[in-house]
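Residue numbers begin at 1 in each chain, while the letters A, B, ... track the order of the sequences.
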There are 2 protein chains.
Amino acid sequence: MKVAKKKKIDDGSAEQKIKEAARKLFTEKGFDAVKTRDIAAEAGINLALLNYYFRSKEKLFDIVMVENFEQFIQQLIPVFGNESLTVEERFVQITTRYIEMLKANPDLPFFIMNQMRGDSSKLLAVREKMTKVREAFLQNIGKNMAGGKVTQTNIAHFMMNYMGLIIFPFIARPMLMKVNNLSKKEFDDLMEERKALVPLWLNAIMKAK
Amino acid sequence: MKVAKKKKIDDGSAEQKIKEAARKLFTEKGFDAVKTRDIAAEAGINLALLNYYFRSKEKLFDIVMVENFEQFIQQLIPVFGNESLTVEERFVQITTRYIEMLKANPDLPFFIMNQMRGDSSKLLAVREKMTKVREAFLQNIGKNMAGGKVTQTNIAHFMMNYMGLIIFPFIARPMLMKVNNLSKKEFDDLMEERKALVPLWLNAIMKAK
DNA sequence: TCTGATTTTAATCATTTGATTAAAAAAGTT
DNA sequence: AACTTTTTTAATCAAATGATTAAAATCAGA
């Protein structure tokens, strides 16, 4: 009677476990830094299973990437298009939602920025989504702009500022936590504050000069 | 006098060429994505030379990293400490200098952020520099703050905002260029504009609410 | 020019890493 | 149970990769 009990506590299918492990590691460290054996270990499965289910490391990564891009962009469009809200309300709502999402996925922005460098061949799948985001911005910043009219330049600066205020803290999170001696909770509290502050600041920026 | 002519066009010693190639590639793509053979090829030298001069890929990377960190921080301290300038003037000058430097080294911020994640063992060499930056900020934002007094929270938010406005565009540069269809020159022109705009915006933010 | 040190090269090694294979184990069907 | 299919494993492969070595080329000083 050797393996009478056989620990089959199997939380979730192997396929699912692999995908989750891959998502965690890839998002955290990027494609090159993660080895297939790391993923197998993290998922607690045999290395061969990875190739059995996903054919290759790259295929697995692609899946993770598309999902991550979706999550990164997802939240923006619906709110921006909501006609029953004033533009200002939209920005408050977007900011709140977005920071909320980022608190749960703090490594996401860095992952995205990392992908946007490197080979753009993979980005075909997400290119149209990017365009949509730009259009959403375009239709929402017109009346708030200082001069009153929207230019190419305006839009670019605005995106940089808005995304910078929301996203940058998460990209720089490890540095900010080290430099300012912040615990994870303290960092999250700061982000919580920014839900209300960023729209305020953004308004001040647009009115400035 | 044998080798009077000898094609010794040799721009720089092999050691220098290796370091430059390494700096370029590591800064662009990170440690894992760059292979020692890539560096050798880029430098136009034999692979063994890399190990002859620098012992290992990691040693070479460490050199590049420390130099990059120096460049990243360098410019801040002297200006922040300049007593002959008003605080506002300091921010204008820092912003201008910093954007100038980043235009010449657009991949630097991403490299730095990338290093701050990952193993913090290597960061011991740059830790004190980080602390200095924080102190410099601390001594320069007091009087401009809305409430008049500086708190832990204030500093952190301020760093996020200021660095976000200056640095984030360079981190998101590939994305911003794709989404907004910007040429390299157009991007640089935007950055040029921000030299004057960021201090303005920053002021507006601090006064806001 | 000769000699010894330095620099560079080609060839090779050992490990890592992504992937495959053949077979065992488990689950499902009749 | 008998079998068929699906899932999982251990063993192994081939290529990529960081590193080393011994010898060749170059250089510096007499």
To the nearest Å, how far apart are [X] [atom1] and [N] [atom2]?
X: A/Ile39; N: C/dT16; atom1: CD1; atom2: P; answer: 18 Å
X: B/Leu49; N: D/dA19; atom1: CG; atom2: P; answer: 15 Å
X: A/Leu60; N: C/dG18; atom1: CG; atom2: P; answer: 11 Å
X: B/Asn51; N: C/dT12; atom1: CG; atom2: C1'; answer: 14 Å
X: B/Leu25; N: D/dG18; atom1: CG; atom2: C1'; answer: 16 Å
X: A/Lys57; N: C/dT20; atom1: NZ; atom2: P; answer: 15 Å
X: B/Phe61; N: D/dT17; atom1: CZ; atom2: C1'; answer: 17 Å
X: A/Asp32; N: D/dG18; atom1: CG; atom2: P; answer: 11 Å

*Quick one: do the A/Asn82 and A/Arg90 side chains pair a donor with an acceptor below 3.5 Å?*
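No - no donor-acceptor pair under 3.5 Å links their side chains.
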What do you reckon, are the aromatic ring centroids of [X] and [Y] less than 6.0 Å apart?
X: B/Phe72; Y: B/Phe111; result: no
X: B/Phe170; Y: B/Phe187; result: yes
X: B/Phe91; Y: B/Phe158; result: yes

What pairs of donor and acceptor atoms, side-chain ones from residues 44-62 of chain B against any protein atom, are under 3.5 angstrom apart with sequence neighbours left out?
unit_1: B/Asn46; atom_1: OD1; unit_2: B/Ala48; atom_2: N; d: 2.8
unit_1: B/Ser56; atom_1: OG; unit_2: B/Glu58; atom_2: N; d: 3.4
unit_1: B/Ser56; atom_1: OG; unit_2: B/Lys59; atom_2: N; d: 3.1
unit_1: B/Lys57; atom_1: NZ; unit_2: B/Phe31; atom_2: O; d: 3.1
unit_1: B/Lys57; atom_1: NZ; unit_2: B/Val34; atom_2: O; d: 2.9
unit_1: B/Asp62; atom_1: OD1; unit_2: B/Lys122; atom_2: NZ; d: 3.3

*Within less than 4.0 Å of OP1 or OP2 of D/dT8, is there a side-chain N or O belonging to A/Tyr53?*
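Yes, within the criterion.
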*Under the 6.0 Å and 45° cation-pi test, does B/Arg117 pair with A/Phe110?*
yes
*For the side chain of A/Ser56, starting at C-beta, report the closest nucleotide among C/dT8, C/dA19, D/dG18.*
C/dA19
_What I want to find out is whether A/Lys17 reaches A/Glu42 closely enough, with some N-O distance under 4.0 Å, to be called a salt bridge._
no
*Could you write nucleotides 10-15 of chain D as a row of B, S and -, 5' to 3', where a protein heavy atom under 4.0 Å of any base atom gives B, of only sugar-phosphate atoms gives S, and otherwise -?*
B-----
*More 5' along DNA chain C: A/Lys35 or A/Tyr52, using each one's nearest nucleotide?*
A/Lys35
